[in-house]
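What follows is a set of notes on a single structure, which appears directly below.
Being a predicted model, the structure only gives us computed values, none of them experimental. Chain A is the first sequence line, chain B the second, and so forth, proteins listed ahead of strands; every chain is numbered from 1.
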Number of protein chains: 4
Amino acid sequence: MAGTNTSQEHSYSRRKDERPAEIMNAALEEFSTNGFAGTRLQDVARRAGICKGTIYLYFRSKEDLFEEVVRDRILPYLEQLEAIGENVEGSARDILRQQLKIIYQQLVSTDTRYIPKLMIGEGNRFPHLAEFYFREVITRMHKLLRSVIERGVANGEFRPEALRWKPQAILSPALSAAMWRTVFEQFDPLDIDAFLDTHIDLLMHGLLNREYTG
Amino acid sequence: MAGTNTSQEHSYSRRKDERPAEIMNAALEEFSTNGFAGTRLQDVARRAGICKGTIYLYFRSKEDLFEEVVRDRILPYLEQLEAIGENVEGSARDILRQQLKIIYQQLVSTDTRYIPKLMIGEGNRFPHLAEFYFREVITRMHKLLRSVIERGVANGEFRPEALRWKPQAILSPALSAAMWRTVFEQFDPLDIDAFLDTHIDLLMHGLLNREYTG
Amino acid sequence: MAGTNTSQEHSYSRRKDERPAEIMNAALEEFSTNGFAGTRLQDVARRAGICKGTIYLYFRSKEDLFEEVVRDRILPYLEQLEAIGENVEGSARDILRQQLKIIYQQLVSTDTRYIPKLMIGEGNRFPHLAEFYFREVITRMHKLLRSVIERGVANGEFRPEALRWKPQAILSPALSAAMWRTVFEQFDPLDIDAFLDTHIDLLMHGLLNREYTG
Amino acid sequence: MAGTNTSQEHSYSRRKDERPAEIMNAALEEFSTNGFAGTRLQDVARRAGICKGTIYLYFRSKEDLFEEVVRDRILPYLEQLEAIGENVEGSARDILRQQLKIIYQQLVSTDTRYIPKLMIGEGNRFPHLAEFYFREVITRMHKLLRSVIERGVANGEFRPEALRWKPQAILSPALSAAMWRTVFEQFDPLDIDAFLDTHIDLLMHGLLNREYTG
DNA sequence: AATGAATGAGTTTTCATTCAT
DNA sequence: GATGAATGAAAACTCATTCAT
């Protein structure tokens, strides 16, 4: 009986703790479809199965909710990527491939892809959030990337020119895939696996034919 | 008197013809900063130096203005790219380089970069416009790209694997650059020329060191 | 054990009995600063050191609380004034002076001065309360005053014209002082003793110079 | 026809100029009955015969409207009083009587009496406005009063003690009358003329019987 | 054609009140 | 009795759109 009691209490407090997460999930869906200004908190509430006023028990304002959604979603994903960069022992190619796989699985294929979409669409109206995203997300991803490339150049796997490449360019196919799925998926569904293959093949070998001597 | 009249009409009608373009330019700036829902027609009017009601002499609604802005801006740019694809005689590499240069000069460096930004941010609320963009912009750009790649593969310049590549991936660095300038330029300005170099080097050679035999 | 129990019960019920008074004190402070509509029960609760819902254990509604605050505060003070009117034996001047002293000490100098302020500010929205206040407070104060004046006129101390005076006018400096302290105290603090002196001097002698024969 | 035209234009621009005044009149009535927080702009608009949004063409916010109402109403009235103080040649008694008459006619008998009511009820939430009222209204009225009293004392009409009186006390019957009419008029209508008589008699002669030698 | 005052539907936010714990 | 999370009605304020001038 004590066990049952404990279990109930746990389930109760778990629900309580999940409320903000439920709201943020609902909010992400609405924001990603309608943008910040186009989203009605009424709809967020309905989607979360609560009523309007309840949102204000957990978030100070619509702006606040928006910022929390972005921060809450992107950070865990980043930590996972960094863990891979640190832990794996292998060739630079393997690490890079593994990281790209994670990116396509976690960012492009889940609703986390809405986060970069929202930063693009709303970043200008949330300069504080854009600064956070630049500092805590972009900068960290670029650092990650630089680390792998340096390792590859050091052991002779990668061309030394890559040290001067802009990291945005290297990751850009993933961004394109995420944006495509957000906007044009209905007209032409994207095959994520095939896209990842393109990304890796392009990134590793480039267009030019080695045998070509014309 | 007829002459005078004609002259007046000409000067007058010239102003008349420019009015919609002035409005659309003002609208693009507002939409690109504030998004569709976040933009006030009042501000568009002020920026265009006219008054609120005048917009409705040329556009039926805010939605209509938004769609016209997107259509009006992106098409001329596409036609220019297609002309290059058709006219230039040279190696596939040269044509591709030249097209990328145009893209970075016309799309990334001017306010035309706001068009893809707006499609990403607002596409979901304008399915009709998204369908237009997919059909008239994306599809045509991909066709353009496929044509150059086929030419390069045919003459041995390019690796045959490139025929299976997703065109989005090949162009994605340009999208990244355009989005960067839209959102993060203030935190870390992008050197367009260096970025183009990265794009071309990455696209042509890839990461791997051809001498590497490890 | 019975003793312990009783003691506990006593202490407990004492707390219980004080609860409504604590709430009303907190409410008076909030109402007096923010008015009825501008006061949040949340703030009343916080000030009383309890939580929102608890107020509803003692008061049916915000309106009810407001009315109780006014009734609860003003009646004991009135009873005290009436006691003085009945008990004191002396000249009419002395009785009147003594009553005014009480008014300035009890009404103007304590937070009881917020009661007339609230009647002025909110009386229109509480017609039932205004009627109570008129009947149970104003009328009784005027009766009190009339009684002293009649005594003074009867024994020749006061001018007979005073029998026709409006009682509001005689007491009005006290109201002014109470309102001043409520609104303008921060800009120009009121010296209550000096004000009482003015009130009594004005009330007794008036402006005119007896010696003047111009 | 030109005349008609001009007349129309005049009537048109007159209406335009009156819009803010119409709104302020409607607002004063609502504010005076319901207080600041208790007033709905919807009701102000309805009373002014316009719609909600129109208020915002002339006033930035509800707060702004409230402050403008107070400022707009009280200043002309003050100027009138000051003019009397300066222009009239006569005994101090006559000037004072004349000023009091104006106060009862203009302040107590018209809806201008709502202004002091609102300052009492809402002054705490509008510290800026309270400071304005203290500085521009109260201070000027007290100066006015002091000037008359000094004149009366100088020529021997008034008792020199009056120089030390608090001006609030001298004017307080007028405040009481204004407040009475605002709150208790429905239970016991106030005879303004009789009240003014009381005020003047009290102010001039006081209570005490000069013949009394007890 | 151009204006900008007016409209009123729509959205965010607040807060009295309830009720399960 | 006490709590405080949840509710949803109500109100300030905005802004696309209209229309008399």
Side-chain angles (χ1 to χ4, degrees), chain A residues 8-9 12-13 15-16 19 36-45 48-65, chain B residues 12-13 15-16 19 36-46 48-65, chain C residues 12-13 15-16 19 36-46 49-65, chain D residues 5 8-9 12-13 15-16 19 34 36-46 48-65:
Chain A
Q8 282 177 344
E9 278 174 357
Y12 177 73
S13 76
R15 270 209 73 171
K16 254 176 55 185
R19 192 40 63 87
F36 176 77
T39 288
R40 288 170 304 198
L41 289 189
Q42 178 85 264
D43 292 339
V44 172
I50 58 177
C51 87
K52 233 178 347 163
T54 303
I55 294 176
Y56 287 87
L57 296 177
Y58 300 97
F59 302 92
R60 260 188 311 203
S61 66
K62 195 183 176 187
E63 268 90 358
D64 190 44
L65 173 58
Chain B
Y12 186 65
S13 76
R15 275 208 65 178
K16 252 178 58 185
R19 214 10 93 76
F36 176 78
T39 288
R40 287 171 302 193
L41 289 190
Q42 177 83 269
D43 292 339
V44 172
R46 187 180 303 125
I50 58 175
C51 88
K52 238 181 339 172
T54 305
I55 294 176
Y56 287 85
L57 296 176
Y58 301 98
F59 303 92
R60 261 187 313 197
S61 67
K62 196 184 177 187
E63 270 88 358
D64 189 44
L65 172 59
Chain C
Y12 185 66
S13 75
R15 277 207 67 178
K16 252 178 57 185
R19 210 20 86 76
F36 176 76
T39 288
R40 286 170 304 194
L41 289 190
Q42 177 83 268
D43 292 337
V44 172
R46 187 180 303 126
I50 59 176
C51 87
K52 240 182 339 172
T54 304
I55 293 175
Y56 286 86
L57 297 175
Y58 302 98
F59 302 92
R60 262 187 313 198
S61 67
K62 196 184 176 188
E63 269 88 358
D64 189 43
L65 173 59
Chain D
N5 215 343
Q8 280 176 346
E9 278 172 359
Y12 177 74
S13 76
R15 269 207 75 172
K16 254 176 55 184
R19 193 40 63 88
N34 308 113
F36 176 76
T39 289
R40 288 170 303 198
L41 289 189
Q42 179 84 267
D43 292 339
V44 172
R46 188 178 302 125
I50 59 178
C51 88
K52 229 179 352 163
T54 303
I55 293 175
Y56 288 88
L57 296 177
Y58 301 97
F59 303 92
R60 260 189 313 206
S61 66
K62 195 183 175 185
E63 267 91 357
D64 190 44
L65 173 59

What is the distance, rounded to the nearest whole Å, between atom [atom1] of [X] and atom [atom2] of [N]?
X: C/Phe59; N: F/dG1; atom1: CZ; atom2: C1'; answer: 15 Å
X: B/Leu41; N: F/dT18; atom1: CG; atom2: P; answer: 12 Å
X: A/Asp43; N: E/dG10; atom1: CG; atom2: C1'; answer: 12 Å
X: B/Leu57; N: F/dT18; atom1: CG; atom2: C1'; answer: 12 Å
X: D/Arg46; N: F/dA11; atom1: CZ; atom2: P; answer: 11 Å
X: C/Ile55; N: E/dC19; atom1: CD1; atom2: C1'; answer: 16 Å

Worksheet entry | D/Gly53 or A/Gly53, whichever maps to the more 5' nucleotide of DNA chain F |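 Closest to the 5' end, via its nearest nucleotide, is A/Gly53.
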Worksheet item: Of B/Gly38 and D/Arg40, whose closest DNA chain F nucleotide lies nearer the 5' terminus?
Response: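 Of the two residues, D/Arg40 wins.
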Item to complete: Report yes or no: is there a donor-acceptor pair, N or O only, under 3.5 Å between the side chain of A/Lys52 and the base of E/dT13?
Response: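 Answer yes: a donor N or O sits under 3.5 Å from an acceptor.
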Worksheet item: Among D/Tyr56, D/Tyr58, D/Phe59, D/Phe36, which one satisfies side-chain contact (heavy atoms from CB on, under 4.5 Å) with D/Leu65?
Response: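 Answer after filtering D/Tyr56, D/Tyr58, D/Phe59, D/Phe36: D/Phe59.
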Worksheet item: In terms of the nearest nucleotide of DNA chain E, which residue is placed more toward the 5' end: A/Lys62 or C/Arg60?
Response: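 In this pair, the answer is A/Lys62.
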Worksheet item: Want to settle it: does B/Thr54 or A/Gln42 sit nearer the 5' end of DNA chain E, counting the closest nucleotide to each?
Response: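 Checking each residue's closest nucleotide, the 5'-ward one belongs to B/Thr54.
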Fill in: Short side-chain N/O contact to F/dA2 OP1/OP2 from C/Arg19, under 4.0 Å
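Yes.
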Discussion item. Under 4.0 Å from OP1 or OP2 of F/dC19: is there any side-chain N or O of B/Tyr56 that close?
Written reply: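 So the side-chain polar atoms of B/Tyr56 never come under 4.0 Å of the phosphate oxygens OP1 or OP2 of F/dC19.
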From [options], pick the nucleotide closest to the side chain of [X]?
X: D/Cys51; options: E/dG8, F/dT7, F/dG1; value: E/dG8
X: C/Ile50; options: E/dA2, E/dT7, F/dT3; value: F/dT3
X: A/Glu63; options: F/dC13, E/dT7, E/dT13; value: E/dT13
X: D/Tyr58; options: E/dT17, E/dA5, F/dA6; value: E/dA5

Discussion item. Any strand counts, and the cut-off is 3.5 Å on both contacts for Watson-Crick or G-U wobble. Which nucleotide pairs with F/dT21?
Written reply: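 Per the H-bond distance test, E/dA2.
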Please report the shortest heavy-atom distance between [X] and [Y], naming the atom on each side.
X: B/Asp43; Y: B/Arg46; value: OD1-NH1, 3.0 Å
X: C/Cys51; Y: C/Ala45; value: C-CB, 3.8 Å
X: B/Leu41; Y: B/Lys62; value: CD2-CG, 3.9 Å

Discussion item. Would you say that A/Ile50 contacts A/Arg19 through its side chain, given a criterion of any heavy-atom pair below 4.5 Å between the two side chains?
Written reply: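 Yes, side chains in contact.
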